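Beneath this line is the structure, given in structure tokens, with notes to follow.
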Amino acid sequence: MNLSRREFLKSSLAAAAGMGALGLLGACSTQENTASTPSPEATGDTVAAALDAPYTALSAEAITEKTVDFVIVGAGPAGLCAAVKAAENGLSVAVVEKTGGTGGCAKFGMGILAIGTELQKAQGEELDLDAMYNMFTEYTHYRTDCVLMRRYFEESKETLEWIEAMGVEFEEAARYFEKSYPTWHIVKSETGVIGGGQAKTMTDHLEARARELGVEFYLETPACRLETENGKVSGVCAVSADGKQGYHFLCNAALIATGGFGNNEAWVKEQFALNLDQDFFGMRFPGHEGDGIQMAWNAGVKQSEMIEEMIFDIYQPGSTGSYTNDIKLVMQQPNLMVNQQGQRFFNEEQVQNTTYTGNSLRNQTGNTGFMILDEAIKQSYVEANHVDFTSRVWNTDDFTQFDANFKTMEESGYTAIVKADTLEELANKMGIDPQGLAATVAEYNQLCADGYDPLGKGAAYLKPITTAPFYAAQYYPSSYGTLGGIKVNSNLEVLDQNDQVITGLYSAGTDSCTVYGDSYMFLLPGNTMGYSVNTGKFVGEAVSELLKK
């Protein structure tokens, strides 16, 4: 019998025992203090006891036992998709969630990756799936799961249409930046949100569909213990946030999809040598303390590699106040970027790729850099009412109020963006070596006059720094969160310390996302949320097959 590539991949993945997906989990502790979270290197009975101490403190009368087919730990995009798909196939499903709502960090996002969609075709964008897949594998230097990624890309159109059938509309297949591809399918917000938060409409529809199908949600009920017996999942324990009600779920399949550990200062420092809110300003989503990953490790699950989903942003430790989108965009254009020594280190044209910029900043003293421009460059943006690189996230179409907004920003006390009458004053305000900056500006201005940059920036962006006042914005690495922690195979089945499948146990979304190698693949935007919804759906399908009666 001849099989198509799609059929071959689906048949090879059908061997999965069972899959489950979760979006935001939590330990039984109700504390948000990350110092109380166990170290990722810690093992043994002490760590397990710390994680489920509130549960074990309950009396037998305070614990409700429930029997269900499938328990999902975390109600983010992966968990919601797994819940809907499993419930559509007739399984009884319980979702436990640490926070008070569903959607995870997806409700702050905008859209998902898909390839070959009708929306792309309507826009005149014909993306070749083979080319996208090959580009991805080469970008990661094959430090990826080729089988899983091929299935993800091949089925991404089908997954998007499945979500559309729940009443979700996608308004555009967008590029994140000029050099990226239009894979980012932006959710049309039903509440008028533009930018971050548009995807909440999608997660709301997923939750509504799950509830319609009879899925039970236990919000503010963090999971704390995973039970296995003879290499198979047998149960999940959870406790209410107030510590008064426990739940013991007896099940044959479970999914861990809890969003990583981006809100855990201790883990971030131990794993990546980064100091949250000091030399690194990763997004800190409530509930993302790594409890689900620790719970898996406590049950004997193998640890996978872990990375930050690296980006960058404008920050300064201790700065207060705020700025408007026009200021942010003007200060994130491809002008002159230097480090604390005043030295140039980067092709600023790549500032549009936030992952590349974040990676480059990590190589500098203090993990920081500074984007510099002068009055002439600023005024050119204001007069044109346009910038070199626009943003689908930081939407604005009005730069004419820059000066007034800048004054308001200064009055608010914000110091990560400053201006000065001289380069020396600018350097002193930002902690840049004045002599180094002066020398670099002189060299850079000569490059602008020559129209050639050995670091690769196009001539159109070579704009000299000559006219006072001068402006600077301080950059630091940031991230959308962490990736990885739980080792899975191509079927998203979780593995034990001997690389053996724990039957019925799955991980989807960011907890097991190790497909990018060392850097997020921003050339194909919408990738992580797309990975989450697709792997969640895959797990729902696999659990349905595993538990078929």
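Not measured: the values here are computed from a predicted model. Count residues from 1 along the sequence.
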### Query
Using 30° and 60° as the class limits, which term best fits the ring planes of Tyr247 and Phe249: parallel, tilted or perpendicular?
parallel
### Message
Return the CE to CG distance between Met283 and Asn263, rounded to the nearest 0.5 Å.
### Response
13.0 Å
### Task
Rounded to the nearest 0.5 Å, what's the gap from CZ on Phe522 to CD1 on Ile311? Could you check?
6.5 Å
### Task
Evaluate the ring planes of Trp297 and Trp267, with Trp represented by its six-membered ring, and classify them as parallel (under 30°), tilted (30 to 60°) or perpendicular (over 60°).
parallel
### Glu155 with Arg150: basic N within carboxylate O range, under 4.0 Å
no
### Task
May I ask you to check whether Thr528 and Tyr516 show a side-chain donor-acceptor distance below 3.5 Å?
yes
### Task
Among residues two or more places apart or on two chains, list those pairs meeting ring pair (Phe, Tyr, Trp, His ring centres under 6.0 Å) that have a residue in residues 179-212.
Tyr176-Trp184
### Query
For the rings on Phe312 and Tyr475, is their centre-to-centre separation under 6.0 Å?
yes
### Task
Find out whether His248 and Thr64 are in side-chain contact, i.e. whether some heavy atom of one side chain is under 4.5 Å from a heavy atom of the other.
no
### Query
Does Phe285 have its ring centroid less than 6.0 Å away from the ring centroid of Phe108?
yes
### Message
I'd like to know if the side chain of Glu97 pairs up with that of Thr99 as donor and acceptor (distance under 3.5 Å, no hydrogens or angles considered).
### Response
yes
### Task
Determine, for Lys487 against Asp499, whether the closest basic-nitrogen to carboxylate-oxygen distance falls under 4.0 angstrom.
no
